Asks: 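Pasting a structure below so you can have a look.
Numbers here simply count residues along the sequence, with the first being 1. Keep in mind that what you see is a predicted model, and the values were worked out from it rather than measured.
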Amino acid sequence: MKLTLSLLFLSLSLVQGLNPKCDVQDNGSTLQAIKPLSWEESVLQMQAKDTTRLQFLDSLVARKSVVPIASGRQIIQSPTYIVRAKIGTPPQTLLLAMDTSNDAAWIPCTACDGCASTLFAPEKSTTFKNVSCAAPECKQVPNPGCGVSSCNFNLTYGSSSIAANLVQDTITLATDPVPSYTFGCVSKTTGTSAPPQGLLGLGRGPLSLLSQTQNLYQSTFSYCLPSFKSLNFSGSLRLGPVAQPKRIKYTPLLKNPRRSSLYYVNLEAIRVGRKVVDIPPAALAFNPTTGAGTIFDSGTVFTRLVAPVYVAVRDEFRRRVGPKLTVTSLGGFDTCYNVPIVVPTITFIFTGMNVTLPQDNILIHSTAGSTTCLAMAGAPDNVNSVLNVIANMQQQNHRVLYDVPNSRVGVARELCT
């Protein structure tokens, strides 16, 4: 009897395969014919199944993860760009400054001495834990030490000094939870440079977001920074290779073992208007020993150029604007005008990529609007005096793509204000 039923089903299967207009189903103890599908219905059904399959395959790779960005100047009175991060279980939301030149994240915690009022409460998180002194992560922070039961470290950030314990907890950006994310739980801070609610490190070092989420985001991210005057989260941080721009020009990333976190690129020349200004080659040259060269940085506000580079750009800018106009100064800006001016373009010429700045990325205006200044300055006379920094004022309303696996940075114009 079993053999007879098996043969019957085999025969029906063969008939069904040979004749697509005939479909049969077993309805309990009887066999009933199903209404045959038309050719169009068959194609649409297959298409629907393909779509479902592709969605499944897409779920196996890094997803499209987009984190809104806002100007910290308007929201937390800090000259940085901020993202919302959820930390701990249940999640606590903080506004972290994103910084491409730092690695380890750090967040002000309960009982922090000198911190602002918005603090992370580790005692309320069920997934919080300290990192031991023997853990490999303890060797990856600056100036590590060993407390009573856990690793701690100290660092300077601008004019601020920060002391923190090294800890782990779940951090969520966009909709992607990252368990056991290692960061600093700040216990003491002095000075006014530190972002009030903490920092998210986007550098290339071992404790950066890129390194700790390498399997998820494949060390690839991009951002569009809105105008610092923007009042909302209109910018975006895209994490992972999915949904990154296809039509974008790149310049190679350079590696400096002594400052491995920084995103060095080769700046070959600068054009003001139609003229490529005369710059000594040594002022733009990449030198891993001295740290000289050019970097992209999201934390610096105004582009800083080493003295020979800045003087060449400034003098040609003044000549193009009009040598007879009176030049004034305002704070650290030495090329300001109290009358309306016609602004020449400024183009950064990198290896394989030119970036021409629109007017909004070139000028800074006084609050009253009566004074207009060139929004660049000479490099400070300190350890960074040999470094050209392409800063966030000049990156605003551009998509800047950091493709670390392919060792390149791309830039394309994009309005996100």
Asks: Does Cys115 have any side chain to side chain contact (heavy atoms under 4.5 Å, CB included) partners at least two apart in sequence or in another chain, and if so, which?
Replies: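 Pro108, Cys112, Leu119, Val186, Thr189.
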Asks: Considering residues at least two apart in sequence or located in another chain, which fulfil the side chain to side chain contact (heavy atoms under 4.5 Å, CB included) criterion with Pro308?
Replies: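 Pro280, Ala283, Val306.
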Asks: Do you know the tightest heavy-atom contact between Ala412 and Arg247?
Replies: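 Taking Ala412 first and Arg247 second, the nearest heavy atoms are CB-O, 4.4 Å.
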Asks: Would Tyr81 and Phe228 count as a ring pair (Phe, Tyr, Trp, His ring centres under 6.0 Å) here? Give the steps.
Replies: CA-CA 8 Å; Tyr81 282 90; Phe228 65 85; 8.6 Å; no
Asks: Do Tyr264 and Phe296 have their ring centres less than 6.0 Å from each other?
Replies: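 Not under 6.0 Å, so no.
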Asks: Taking the side chain as everything from C-beta on, heavy atoms only, tell me whether Arg238 gets closer than 4.5 Å to Gln244.
Replies: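 Heavy-atom side-chain distance check passes, below 4.5 Å.
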Asks: Could you tell me whether the side chains of Thr345 and Arg274 share a donor-acceptor contact shorter than 3.5 Å?
Replies: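 There is no such pair (donor and acceptor under 3.5 Å, judged by atom type) between the side chains of Thr345 and Arg274.
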Asks: So, do Thr335 and Tyr337 sit near enough that their side-chain heavy atoms are less than 4.5 Å apart?
Replies: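 Sidechains of Tyr337 and Thr335: in contact.
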Asks: What I want to check is whether the side chains of Thr417 and Ser227 have a donor and an acceptor closer together than 3.5 Å.
Replies: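 No, no side-chain donor-acceptor pair sits under 3.5 Å.
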Asks: Can you tell me if Tyr223 and Asn392 form a side-chain donor-acceptor pair at under 3.5 Å?
Replies: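 There is no such pair (donor and acceptor under 3.5 Å, judged by atom type) between the side chains of Tyr223 and Asn392.
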Asks: Scan side-chain atoms only and decide if Glu268 and Thr351 contain a donor-acceptor pair under the 3.5 Å cut-off.
Replies: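 There is such a pair between these side chains.
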Asks: Just wondering, more than 12 heavy atoms not from Arg320 lying within 6.0 Å of its CZ?
Replies: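 Yes, CZ of Arg320 has more than 12 neighbouring heavy atoms, counting only those of other groups under 6.0 Å.
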Asks: Using a 4.5 Å cut-off on heavy atoms from C-beta on, say whether the side chain of Glu123 contacts that of Thr110.
Replies: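 When only atoms from C-beta onward are counted, Glu123 and Thr110 do touch, with a gap below 4.5 Å.
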Asks: With a 4.5 Å limit on heavy-atom distance, are the side chains of Lys188 and Ile162 in contact?
Replies: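 No, their side chains stay 4.5 Å or more apart.
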Asks: Does a salt bridge link Lys129 with Asp169, judged by any charged N lying under 4.0 Å from a carboxylate O?
Replies: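 Judged by the 4.0 Å cut-off on N to carboxylate O distance, Lys129 and Asp169 do not form a salt bridge.
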Asks: Going by atom types only, do Asp297 and Ser101 share a side-chain donor-acceptor pair under 3.5 Å?
Replies: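 Yes - a donor-acceptor pair under 3.5 Å links their side chains.
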Asks: Classify the ring geometry of Phe221 against Tyr402: parallel below 30°, tilted from 30° to 60°, perpendicular beyond 60°.
Replies: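 Judged by the thresholds at 30° and 60°, the geometry between Phe221 and Tyr402 is parallel.
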